[in-house]
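None of the values given here were measured: they were computed from a predicted structure.
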Amino acid sequence: MIYADDQGNLNLSLGRLRSHIFDDECSDEEFAAMLAQLESVDCIRVYAADGKAYINIPKFDTYQTINHPSKTAIPKPQGNRPTNALAAL
């Protein structure tokens, strides 16, 4: 399954994302803690735009080759360091 757009951004829906990765093996709270750990070591960046939460994968283009770029509906993170939106979830 592909969740990220061509720029490495994806919608952050804790329940949906957690259920696709872990099924029912952990709670939303446990999954949010895992995301916070990934964010603390800059594997992901959680940001907010238009009142919604998103994830940016900083090194996405290092590991992915986009042959046919497409437009996205997901807003880009603003600034050098996206705003931490994980605390608001």
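Taking both residues in full, the closest heavy atoms of Tyr54 and Asn11 are given as CE2-OD1, 2.9 Å, listed atom of the first, atom of the second, then distance. A pairwise comparison of heavy atoms in Pro58 and Ile44 identifies CD-CA, 3.9 Å as the closest pair. When all heavy atoms of Ala4 and Phe60 are compared, the closest pair comes out as CB-CE1, 3.8 Å.
By the side chain to side chain contact (heavy atoms under 4.5 Å, CB included) test, Ser27 is found to be paired with Glu29, Glu30, residues two or more places apart in sequence or in another chain being considered. For the side-chain hydrogen bond (donor to acceptor under 3.5 Å, both in side chains) test, no residue two or more places apart in sequence or in another chain qualifies with Glu25. In this view, Asp28 and Arg18 satisfy the salt bridge (Lys or Arg N to Asp or Glu O under 4.0 Å) rule, not counting sequence neighbours.
Atom CE of Met34 and atom CD1 of Ile21 lie 9.5 Å apart (nearest 0.5 Å). If you take CD1 on Ile57 and CG on Asn9, they are separated by 8.0 Å, rounding to the nearest 0.5 Å. Between Ser40 atom OG and Leu35 atom CG the span is 11.0 Å, to the nearest 0.5 Å. The distance from the CG atom of Leu10 to the CG atom of Asn56 is 8.5 Å, given to the nearest 0.5 Å.
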Name the atoms and distances for all side-chain donor-acceptor pairs under 3.5 Å in residues 67-76, with sequence neighbours left out.
from	atom 1	to	atom 2	distance (Å)
Ser70	OG	Asp6	OD2	3.2
Thr72	OG1	Asp5	OD2	2.9
Thr72	OG1	Ile74	N	3.1

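Classified by interplanar angle (parallel below 30°, tilted 30° to 60°, perpendicular above 60°), the ring pair Tyr3/His20 is tilted.
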